[in-house]
S.K.: 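What follows is a structure written as structure tokens; I'll ask about it next.
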Amino acid sequence: MSRKHIGVIYTGGTIGMAMTPQGYAPMPDFVSVLSRLLGQHGDMLPRHSLYAYDDPIDSTNATPQDWQRLGRDIAARYGDHDGFVVLHGTDTMAYTASALSFMLQGLRKPVIVTGSQVPLAAPRSDAAQNLITALQLAASDAISEVAICFHGRLLRGNRSTKVSASRMEAFDTPCYPHLAEIGIEPRLNASALLARPARENFQLPDYDDALILPLRFVPGMPMRAVEALLALKPRAVILECYGSGNAPDRDPALLRMLAHASAEGTVLAARSQCLHGEVHIGTYAAGAGMTAAGVVGARDMSFEAVFTKLHHLFALGLTPEEVRGALVRDVCGEVS
Ligand code: ASP
């Protein structure tokens, strides 16, 4: 069997950073450090080609246009590779992985996103482990989806969230089983992986800066704050509700404002502030009025998946009504 050929795309992040007087920033000669590391293992690793962005970023600066560039770069090189590894900052990795999953629909090869908590060139770095594991998984015939590989876990990209800023286990998928646990050998969880689709159906629309805003309910939130946010006429608002999708109802002004915003074409999606569990609007009387106000429950989707899916659906040119319907229809394993 011929050796698999993996495309490794470096976009930035801690993995390629070094300490400067201003704090961590992308190091100038990261590509040579990376090539040396991968070269040490010779034929034991899959064959790979390195594509380094010449403007690596801290992923806190990533925008929907960066997701789009990456999606299009993978699509353009898709035929030349058996899989991809994307090196990315951890802060918005879950957003990028989610967005990639919506762009690369029908994916038939692995796209493994990884990075590190400690730079590759620093002592006690987790970068080499993450990178080499990602490279091996990107050569697997069993994986045909966008996944995050981090500290011995393989996670569905559009179910992932960054759960720790200090532990090496930076990511988890609170509402979905891990796709693999990687000990001495990777143990794939076959029943959790997406089946390989018959054909690719990539959707690479132009992403714009559609105003999609979060609104997190907090005890005693002043209604004028909600009013000010809705006055911006956002394309969508992700309501971060309590528990199973509950919102305060003692002041009728909230539901009135939400109903008005919906009628004006703002898509309102309800998520839970809890890490685990599904939104069921109407479980409690407080919050039951949200359905009538046009709010769509985002079920067990991660915040990152809801946010990037909304961007994707708007970029495809769907109307608000179509977005409301499409939001909770499963595309690539993001919703149960
Ligand atoms: N701020 C960094 C980034 O997201 C953090 C990291 O990579 O761990 O690019």
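All ligand and atom numbering here is 1-based and tracks the order in the structure.
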S.K.: Check whether the side chains of Ser191 and Asn189 place a donor and an acceptor atom closer than 3.5 Å, and report yes or no.
M.R.: yes
S.K.: State which residues pass side chain to side chain donor-acceptor pair (under 3.5 Å) with Thr308; sequence neighbours excluded, sorted by chain then number.
M.R.: none
S.K.: Evaluate the criterion ring pair (Phe, Tyr, Trp, His ring centres under 6.0 Å) for residue pair Phe202 and Tyr78; output intermediate values, then yes/no.
M.R.: CA-CA 11 Å; Phe202 293 176; Tyr78 191 77; 5.0 Å; yes
S.K.: Take the angle between the ring planes of Tyr207 and Trp67 and call it parallel below 30°, perpendicular above 60°, tilted in between.
M.R.: perpendicular
S.K.: Can you label the angle between the Tyr242 ring and the Phe217 ring as parallel, tilted or perpendicular, going by 30° and 60°?
M.R.: tilted
S.K.: Any idea which heavy atoms bring Arg108 and Arg196 closest together, and the distance?
M.R.: O-NE, 3.2 Å
S.K.: For ligand 1, what are the residues with a heavy-atom contact below 4.0 Å?
M.R.: Gly13, Thr14, Asp58, Ser59, Gly89, Thr90, Asp91, Ser116
